[in-house]
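Order of the sequence lines fixes the chain letters, A, B, ..., with proteins taken first and strands second; residue numbering starts at 1 for each chain.
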Amino acid sequence: MPELPEVEVVRAGLERHVLGARIVAVEVLHPRPVRRHLAGASAFADELQGRVLTGARRRGKYLWLPLDSGDALMAHLGMSGQMLVQPPSSPDERHLRVRIRLDGAAEGRELRFVDQRMFGGLSISPGGAELPPEIAHIAPDPLEAAFDAEAVVRRVRRSASGIKRILLNQTVISGVGNIYADEALWRAKLHGERPGERLTAAKVRELLGHVRDVMTEALAQGGTSFDALYVNVNGESGYFERSLAAYGREGEPCDRCGSPMRRIAFMNRSSYFCPTCQPALRVRRIPAK
DNA sequence: ATACGCCCCTGCAAGC
DNA sequence: TGCTTGCAGGGGCGTA
(Lines give C-alpha, C1' and ligand atoms only; values in the text may rest on other atoms or scores of the structure.)
Protein backbone atom coordinates (compact mmCIF):
# COMPACT_ATOMS: atom_id res chain seq x y z
CA MET A 1 0.00 0.00 0.00
CA PRO A 2 2.81 2.22 -0.91
CA GLU A 3 3.13 5.86 -1.75
CA LEU A 4 6.31 7.51 -2.94
CA PRO A 5 8.45 7.05 0.22
CA GLU A 6 7.70 3.34 0.41
CA VAL A 7 8.41 2.86 -3.28
CA GLU A 8 11.68 4.72 -2.90
CA VAL A 9 12.73 2.40 -0.06
CA VAL A 10 12.11 -0.51 -2.42
CA ARG A 11 13.98 1.13 -5.28
CA ALA A 12 17.01 1.74 -3.09
CA GLY A 13 16.89 -1.85 -1.85
CA LEU A 14 16.73 -3.21 -5.39
CA GLU A 15 19.60 -1.00 -6.45
CA ARG A 16 21.67 -2.43 -3.64
CA HIS A 17 20.77 -6.07 -4.08
CA VAL A 18 20.01 -6.90 -7.70
CA LEU A 19 22.09 -4.47 -9.73
CA GLY A 20 24.14 -6.40 -12.27
CA ALA A 21 22.19 -9.60 -11.73
CA ARG A 22 21.27 -11.81 -14.67
CA ILE A 23 17.81 -13.31 -14.98
CA VAL A 24 18.05 -17.07 -15.37
CA ALA A 25 14.40 -18.06 -15.06
CA VAL A 26 10.99 -16.47 -14.64
CA GLU A 27 8.00 -18.22 -13.19
CA VAL A 28 4.57 -16.56 -13.40
CA LEU A 29 2.34 -18.07 -10.73
CA HIS A 30 -0.72 -15.92 -11.44
CA PRO A 31 -1.55 -14.33 -14.80
CA ARG A 32 -3.12 -11.15 -13.49
CA PRO A 33 0.01 -9.29 -12.39
CA VAL A 34 1.44 -9.59 -15.92
CA ARG A 35 -1.83 -8.67 -17.66
CA ARG A 36 -0.24 -5.58 -19.21
CA HIS A 37 2.07 -7.81 -21.21
CA LEU A 38 -0.35 -8.52 -24.03
CA ALA A 39 1.73 -11.33 -25.55
CA GLY A 40 1.02 -13.38 -22.46
CA ALA A 41 2.71 -14.75 -19.39
CA SER A 42 5.03 -17.20 -21.12
CA ALA A 43 6.23 -14.54 -23.56
CA PHE A 44 6.86 -12.28 -20.60
CA ALA A 45 9.05 -14.94 -19.04
CA ASP A 46 10.88 -15.71 -22.31
CA GLU A 47 11.71 -12.07 -22.99
CA LEU A 48 13.28 -11.59 -19.58
CA GLN A 49 15.38 -14.72 -19.64
CA GLY A 50 19.09 -13.96 -19.92
CA ARG A 51 18.75 -10.20 -19.44
CA VAL A 52 20.93 -8.27 -16.98
CA LEU A 53 19.43 -5.73 -14.59
CA THR A 54 21.43 -2.53 -15.04
CA GLY A 55 19.65 -0.07 -12.75
CA ALA A 56 16.75 0.69 -10.43
CA ARG A 57 14.73 3.80 -11.14
CA ARG A 58 11.53 5.43 -10.00
CA ARG A 59 9.10 8.19 -10.88
CA GLY A 60 6.27 8.75 -8.45
CA LYS A 61 4.95 5.31 -7.56
CA TYR A 62 6.32 3.58 -10.67
CA LEU A 63 9.51 1.54 -10.56
CA TRP A 64 11.54 0.25 -13.44
CA LEU A 65 14.67 -1.84 -13.80
CA PRO A 66 16.57 -1.00 -17.01
CA LEU A 67 17.82 -4.08 -18.85
CA ASP A 68 20.98 -4.60 -20.91
CA SER A 69 18.70 -4.87 -23.95
CA GLY A 70 17.57 -1.23 -23.62
CA ASP A 71 14.14 -2.36 -22.49
CA ALA A 72 12.94 -2.14 -18.89
CA LEU A 73 11.18 -4.35 -16.42
CA MET A 74 8.45 -2.13 -14.99
CA ALA A 75 6.73 -2.61 -11.67
CA HIS A 76 3.83 -0.95 -9.95
CA LEU A 77 3.01 -2.07 -6.43
CA GLY A 78 -0.63 -1.03 -6.50
CA MET A 79 -2.23 -1.27 -3.10
CA SER A 80 -0.52 -4.35 -1.73
CA GLY A 81 2.52 -5.19 -3.83
CA GLN A 82 5.97 -6.09 -2.53
CA MET A 83 9.29 -6.73 -4.21
CA LEU A 84 11.32 -9.15 -2.14
CA VAL A 85 14.86 -10.44 -2.57
CA GLN A 86 14.97 -13.89 -1.05
CA PRO A 87 17.11 -17.02 -1.04
CA PRO A 88 15.39 -19.85 -2.92
CA SER A 89 15.17 -21.82 0.32
CA SER A 90 12.79 -19.26 1.76
CA PRO A 91 9.23 -20.64 1.68
CA ASP A 92 6.93 -19.14 -0.93
CA GLU A 93 4.88 -16.25 0.36
CA ARG A 94 1.14 -16.80 0.41
CA HIS A 95 0.60 -14.24 -2.34
CA LEU A 96 3.71 -14.90 -4.40
CA ARG A 97 2.79 -14.03 -8.02
CA VAL A 98 6.06 -13.92 -9.99
CA ARG A 99 9.43 -15.50 -9.20
CA ILE A 100 12.56 -14.26 -10.98
CA ARG A 101 15.66 -16.37 -10.40
CA LEU A 102 18.95 -14.51 -10.55
CA ASP A 103 22.64 -15.21 -10.86
CA GLY A 104 25.68 -13.05 -11.45
CA ALA A 105 25.74 -10.20 -8.95
CA ALA A 106 22.80 -11.69 -7.03
CA GLU A 107 23.75 -15.32 -7.44
CA GLY A 108 21.41 -17.77 -5.84
CA ARG A 109 18.76 -15.22 -4.98
CA GLU A 110 15.25 -14.66 -6.21
CA LEU A 111 13.42 -11.47 -6.91
CA ARG A 112 9.82 -12.08 -5.92
CA PHE A 113 6.73 -10.06 -6.74
CA VAL A 114 4.20 -10.61 -3.97
CA ASP A 115 0.78 -8.97 -4.18
CA GLN A 116 -2.40 -9.85 -2.36
CA ARG A 117 -4.91 -7.70 -4.23
CA MET A 118 -3.14 -7.68 -7.60
CA PHE A 119 -3.88 -4.07 -8.46
CA GLY A 120 -0.20 -3.81 -9.19
CA GLY A 121 1.87 -5.76 -11.66
CA LEU A 122 4.96 -6.25 -13.79
CA SER A 123 5.44 -5.49 -17.45
CA ILE A 124 8.19 -5.07 -20.02
CA SER A 125 8.64 -1.64 -21.55
CA PRO A 126 10.26 -1.84 -25.00
CA GLY A 127 13.01 0.76 -25.16
CA GLY A 128 12.00 2.00 -21.74
CA ALA A 129 15.36 1.93 -19.99
CA GLU A 130 15.65 5.72 -19.71
CA LEU A 131 11.96 6.61 -19.21
CA PRO A 132 9.28 4.08 -20.10
CA PRO A 133 6.86 5.63 -22.62
CA GLU A 134 3.98 4.08 -20.68
CA ILE A 135 4.58 6.55 -17.88
CA ALA A 136 5.55 9.58 -19.93
CA HIS A 137 2.23 11.17 -18.98
CA ILE A 138 3.09 10.99 -15.27
CA ALA A 139 4.44 14.25 -13.89
CA PRO A 140 7.78 14.39 -12.08
CA ASP A 141 7.55 13.76 -8.35
CA PRO A 142 8.59 16.30 -5.69
CA LEU A 143 11.84 14.51 -4.91
CA GLU A 144 13.31 14.50 -8.40
CA ALA A 145 15.35 17.21 -10.07
CA ALA A 146 12.87 17.60 -12.93
CA PHE A 147 10.10 18.62 -10.54
CA ASP A 148 8.75 22.04 -11.52
CA ALA A 149 6.87 23.55 -8.59
CA GLU A 150 5.79 26.62 -10.53
CA ALA A 151 4.25 24.45 -13.25
CA VAL A 152 2.26 22.65 -10.55
CA VAL A 153 1.19 25.98 -9.05
CA ARG A 154 -0.14 27.10 -12.42
CA ARG A 155 -2.09 23.90 -12.99
CA VAL A 156 -3.61 23.97 -9.53
CA ARG A 157 -4.76 27.54 -9.97
CA ARG A 158 -6.31 26.76 -13.35
CA SER A 159 -8.45 23.96 -11.96
CA ALA A 160 -11.86 24.16 -10.36
CA SER A 161 -11.38 20.75 -8.76
CA GLY A 162 -10.79 20.31 -5.06
CA ILE A 163 -7.17 20.61 -4.03
CA LYS A 164 -6.97 17.05 -2.69
CA ARG A 165 -8.24 15.62 -5.95
CA ILE A 166 -5.60 17.66 -7.78
CA LEU A 167 -2.84 16.39 -5.46
CA LEU A 168 -3.87 12.82 -6.27
CA ASN A 169 -3.80 13.47 -10.01
CA GLN A 170 -0.51 11.88 -11.05
CA THR A 171 -0.35 13.93 -14.25
CA VAL A 172 -0.07 17.10 -12.14
CA ILE A 173 2.32 15.86 -9.45
CA SER A 174 3.24 12.23 -8.96
CA GLY A 175 3.87 10.10 -5.90
CA VAL A 176 1.20 11.61 -3.66
CA GLY A 177 -1.39 9.16 -2.35
CA ASN A 178 -4.25 9.34 0.09
CA ILE A 179 -2.15 9.38 3.27
CA TYR A 180 0.40 12.01 2.35
CA ALA A 181 -2.26 14.18 0.71
CA ASP A 182 -4.12 14.29 4.02
CA GLU A 183 -0.92 14.94 5.97
CA ALA A 184 0.20 17.79 3.70
CA LEU A 185 -3.26 19.38 3.72
CA TRP A 186 -3.34 19.22 7.51
CA ARG A 187 0.04 20.92 7.72
CA ALA A 188 -1.10 23.60 5.29
CA LYS A 189 -4.42 24.04 7.16
CA LEU A 190 -6.31 23.46 3.94
CA HIS A 191 -9.54 21.52 3.44
CA GLY A 192 -9.23 19.10 0.55
CA GLU A 193 -12.38 20.37 -1.13
CA ARG A 194 -11.12 23.91 -1.50
CA PRO A 195 -11.04 24.60 -5.26
CA GLY A 196 -7.55 24.97 -6.69
CA GLU A 197 -8.50 28.13 -8.50
CA ARG A 198 -9.39 29.84 -5.22
CA LEU A 199 -5.93 29.35 -3.68
CA THR A 200 -3.17 31.94 -3.86
CA ALA A 201 0.08 31.01 -5.54
CA ALA A 202 1.86 31.46 -2.21
CA LYS A 203 -0.51 29.04 -0.51
CA VAL A 204 -0.01 26.40 -3.20
CA ARG A 205 3.76 26.81 -2.91
CA GLU A 206 3.49 26.34 0.85
CA LEU A 207 1.40 23.21 0.35
CA LEU A 208 3.94 21.74 -2.07
CA GLY A 209 6.63 22.38 0.52
CA HIS A 210 4.63 20.38 3.03
CA VAL A 211 4.16 17.58 0.51
CA ARG A 212 7.90 17.38 -0.01
CA ASP A 213 8.65 17.60 3.72
CA VAL A 214 6.21 14.91 4.82
CA MET A 215 7.52 12.54 2.17
CA THR A 216 11.13 13.24 3.04
CA GLU A 217 10.44 12.60 6.72
CA ALA A 218 8.62 9.36 5.93
CA LEU A 219 11.46 8.24 3.72
CA ALA A 220 14.01 8.90 6.46
CA GLN A 221 12.02 6.77 8.91
CA GLY A 222 11.15 4.01 6.43
CA GLY A 223 14.78 3.66 5.49
CA THR A 224 15.95 3.02 9.01
CA SER A 225 13.93 -0.15 9.48
CA PHE A 226 15.15 -1.64 6.25
CA ASP A 227 16.62 -5.10 6.53
CA ALA A 228 19.55 -5.91 4.26
CA LEU A 229 18.20 -8.90 2.40
CA TYR A 230 14.51 -8.38 2.72
CA VAL A 231 13.22 -5.58 0.54
CA ASN A 232 9.98 -4.79 2.27
CA VAL A 233 7.31 -2.46 1.21
CA ASN A 234 4.29 -3.38 3.16
CA GLY A 235 4.13 -0.16 5.12
CA GLU A 236 4.75 -1.80 8.46
CA SER A 237 7.86 0.21 9.14
CA GLY A 238 6.34 1.82 12.22
CA TYR A 239 6.07 5.21 10.59
CA PHE A 240 2.36 5.07 10.08
CA GLU A 241 1.25 4.66 13.63
CA ARG A 242 3.68 7.06 15.19
CA SER A 243 4.00 10.02 12.91
CA LEU A 244 0.70 10.70 11.22
CA ALA A 245 -1.16 13.81 12.28
CA ALA A 246 -4.27 13.30 10.17
CA TYR A 247 -4.61 9.96 8.42
CA GLY A 248 -6.60 7.36 10.34
CA ARG A 249 -7.17 9.62 13.36
CA GLU A 250 -10.95 9.97 13.30
CA GLY A 251 -12.21 11.14 16.68
CA GLU A 252 -8.74 11.73 18.10
CA PRO A 253 -7.70 15.26 19.09
CA CYS A 254 -6.01 17.43 16.49
CA ASP A 255 -2.31 17.73 17.35
CA ARG A 256 -2.58 21.49 16.84
CA CYS A 257 -5.90 22.61 18.34
CA GLY A 258 -7.38 19.58 20.10
CA SER A 259 -10.60 19.43 18.08
CA PRO A 260 -11.76 15.89 17.28
CA MET A 261 -10.46 14.88 13.86
CA ARG A 262 -13.10 14.02 11.30
CA ARG A 263 -13.38 11.44 8.54
CA ILE A 264 -15.41 11.88 5.38
CA ALA A 265 -15.93 9.64 2.36
CA PHE A 266 -13.92 10.75 -0.64
CA MET A 267 -13.40 9.05 -4.01
CA ASN A 268 -14.40 5.63 -2.66
CA ARG A 269 -12.06 5.98 0.29
CA SER A 270 -11.56 8.33 3.21
CA SER A 271 -10.29 11.80 4.01
CA TYR A 272 -9.20 12.79 7.50
CA PHE A 273 -8.97 16.42 8.57
CA CYS A 274 -9.39 18.84 11.44
CA PRO A 275 -12.71 20.68 11.11
CA THR A 276 -11.32 23.67 13.02
CA CYS A 277 -7.88 24.09 11.42
CA GLN A 278 -9.08 23.06 7.95
CA PRO A 279 -12.45 24.72 7.34
CA ALA A 280 -14.25 23.71 4.16
CA LEU A 281 -15.12 27.23 3.17
CA ARG A 282 -13.19 30.38 3.66
CA VAL A 283 -14.71 32.16 6.62
CA ARG A 284 -15.60 35.75 5.83
CA ARG A 285 -14.20 37.72 8.64
CA ILE A 286 -16.35 40.31 10.30
CA PRO A 287 -14.25 43.46 10.58
CA ALA A 288 -13.46 44.45 14.14
CA LYS A 289 -14.60 47.93 14.95
C1' DA B 1 -10.10 18.23 -23.60
C1' DT B 2 -10.89 17.72 -18.91
C1' DA B 3 -13.15 15.60 -14.97
C1' DC B 4 -15.43 12.24 -12.67
C1' DG B 5 -17.35 7.66 -11.30
C1' DC B 6 -16.72 2.81 -11.77
C1' DC B 7 -14.23 -1.10 -11.46
C1' DC B 8 -10.39 -4.24 -11.05
C1' DC B 9 -8.98 -7.96 -6.63
C1' DT B 10 -8.43 -10.29 -1.86
C1' DG B 11 -8.69 -10.31 3.02
C1' DC B 12 -9.76 -8.57 7.46
C1' DA B 13 -12.57 -6.66 11.15
C1' DA B 14 -16.84 -5.27 12.85
C1' DG B 15 -21.67 -5.93 13.19
C1' DC B 16 -25.76 -8.63 13.11
C1' DT C 1 -20.49 -19.41 15.08
C1' DG C 2 -21.34 -17.82 10.51
C1' DC C 3 -22.83 -14.59 7.25
C1' DT C 4 -22.83 -9.76 5.44
C1' DT C 5 -20.99 -5.35 4.99
C1' DG C 6 -17.54 -1.94 4.77
C1' DC C 7 -13.02 -0.74 4.17
C1' DA C 8 -7.99 -0.87 2.62
C1' DG C 9 -2.13 3.75 1.36
C1' DG C 10 -3.79 2.85 -6.68
C1' DG C 11 -4.89 3.87 -11.21
C1' DG C 12 -6.90 2.68 -16.01
C1' DC C 13 -10.78 3.31 -18.60
C1' DG C 14 -15.32 4.68 -20.25
C1' DT C 15 -18.48 8.26 -20.32
C1' DA C 16 -20.30 12.99 -19.63
Side-chain angles (χ1 to χ4, degrees), chain A residues 1-10 29-38 58-63 74-83 93-98 113-123 125 132-139 141 154-186 192-193 195-197 211 214-215 217-219 221-222 232-251 263-273:
Chain A
M1 315 160 193
E3 298 184 26
L4 183 152
E6 294 74 31
V7 180
E8 174 57 22
V9 169
V10 175
L29 293 99
H30 195 296
R32 183 156 181 82
V34 297
R35 64 193 175 281
R36 302 222 142 253
H37 194 81
L38 300 179
R58 180 188 58 73
R59 167 166 282 189
K61 304 169 196 168
Y62 284 88
L63 279 170
M74 283 186 48
H76 195 288
L77 303 174
M79 295 277 268
S80 52
Q82 294 172 278
M83 295 282 262
E93 291 74 14
R94 182 175 177 191
H95 301 294
L96 177 62
R97 308 304 188 188
V98 180
F113 182 73
V114 176
D115 189 5
Q116 179 212 118
R117 293 173 71 184
M118 298 185 289
F119 284 2
L122 303 178
S123 59
S125 174
E134 295 88 341
I135 60 170
H137 64 293
I138 300 294
D141 67 62
R154 286 193 293 274
R155 281 202 60 180
V156 168
R157 299 188 72 227
R158 264 195 278 123
S159 172
S161 296
I163 182 62
K164 180 169 178 183
R165 186 181 279 276
I166 301 170
L167 281 182
L168 295 178
N169 181 344
Q170 305 293 302
T171 70
V172 177
I173 173 174
S174 69
V176 184
N178 203 32
I179 288 185
Y180 296 115
D182 279 2
E183 294 302 310
L185 289 166
W186 181 85
E193 289 172 2
E197 63 188 6
V211 168
V214 73
M215 286 183 164
E217 292 165 25
L219 180 56
Q221 297 195 35
N232 195 348
V233 175
N234 61 11
E236 291 168 8
S237 62
Y239 174 78
F240 290 95
E241 297 204 25
R242 276 192 269 279
S243 300
L244 298 181
Y247 188 83
R249 298 197 63 233
E250 181 180 21
R263 171 187 169 277
I264 56 174
F266 171 79
M267 288 173 77
N268 274 337
R269 43 188 98 134
S270 299
S271 285
Y272 298 87
F273 66 101

* Pair A:Arg32-A:Asp115, salt bridge (charged side-chain N to carboxylate O under 4.0 Å, His left out): steps then yes or no -> CA-CA 10 Å; A:Arg32 183 156 181 82; A:Asp115 189 5; over 6 Å; no
Indicate, with a heavy-atom threshold strictly under 4.0 Å, whether [X] touches base, sugar-phosphate, or nothing.
X	result
A:Arg32	sugar-phosphate
A:Arg94	sugar-phosphate
A:Asn169	nothing
A:Arg36	sugar-phosphate

* Which nucleotide in the set B:dT10, C:dC7, C:dG10 lies at the smallest distance from any side-chain heavy atom of A:Ser270? -> C:dC7
Does a side-chain N or O of [X] approach OP1 or OP2 of [N] to a distance below 4.0 Å, or not?
X	N	answer
A:Gln116	B:dG11	no
A:Ser80	B:dT10	no
A:His95	B:dT10	no
A:Ser161	B:dC4	yes

Please report, rounded to the nearest Å, how far the [atom2] atom of [N] is from the [atom1] atom of [X].
X	N	atom1	atom2	result
A:Leu77	B:dT10	CG	P	18 Å
A:Arg269	B:dC7	CZ	C1'	12 Å
A:Met267	B:dC8	CE	C1'	15 Å
A:Arg97	B:dG11	CZ	C1'	11 Å
A:Met79	B:dC12	CE	P	15 Å
A:Glu3	C:dG10	CD	C1'	9 Å
A:Arg165	C:dG11	CZ	C1'	13 Å
A:Leu4	C:dG10	CG	P	11 Å

* Take A:Asp141 and A:Lys61, measure what salt bridge (charged side-chain N to carboxylate O under 4.0 Å, His left out) needs, and give me the verdict at the end. => CA-CA 9 Å; A:Asp141 67 62; A:Lys61 304 169 196 168; over 6 Å; no
* Asked: Are A:Phe119 and B:dC8 stacked, counting the six-membered base ring, centres under 5.5 Å, planes under 30°?
  ->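 Given the distance and angle limits, yes, they stack.
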* Is the base of C:dG10 touched by the side chain of A:Arg117 through a donor-acceptor pair closer than 3.5 angstrom? ->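 Not at all, since no donor on one side and acceptor on the other fall under 3.5 Å apart.
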* Asked: Given the P atoms of B:dC6 and C:dG6, what is the spacing between them in whole Å?
  ->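 The answer is 15 Å between these two P atoms.
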* Roughly how far apart, to the nearest Å, are C:dG14 and B:dC9 at atom P? -> 15 Å
* Residue whose closest nucleotide on DNA chain B lies nearer the 5' end, A:Arg158 versus A:Asn268 -> A:Arg158
* Structure fact -> Secondary structure of DNA chain B per the Watson-Crick/G-U criterion (both distances under 3.5 Å; [ ] crossing, | other strand, . unpaired) is .|||||||.|||||||
* When you look at A:Phe273 and A:Ile264, which way does the side-chain contact (heavy atoms from CB on, under 4.5 Å) test go after all the steps? -> CA-CA 9 Å; A:Phe273 66 101; A:Ile264 56 174; 3.8 Å; yes
* Examine A:Arg59 relative to A:Tyr62 and say whether NZ or CZ is less than 6.0 Å from the centre of the six-membered ring and inside a 45° cone about the ring axis. => no
* Structure fact -> When rounded to the nearest 0.5 Å, the distance separating CZ of A:Phe113 from CE of A:Met83 is 7.0 Å
* **side-chain contact (heavy atoms from CB on, under 4.5 Å) assessment of A:Arg58 paired with A:Leu4** => CA-CA 9 Å; A:Arg58 180 188 58 73; A:Leu4 183 152; 3.4 Å; yes
* Asked: 5'-most contact on DNA chain C: A:His137 or A:Arg263, nearest heavy atom basis?
  ->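 Of the two residues, A:Arg263 wins.
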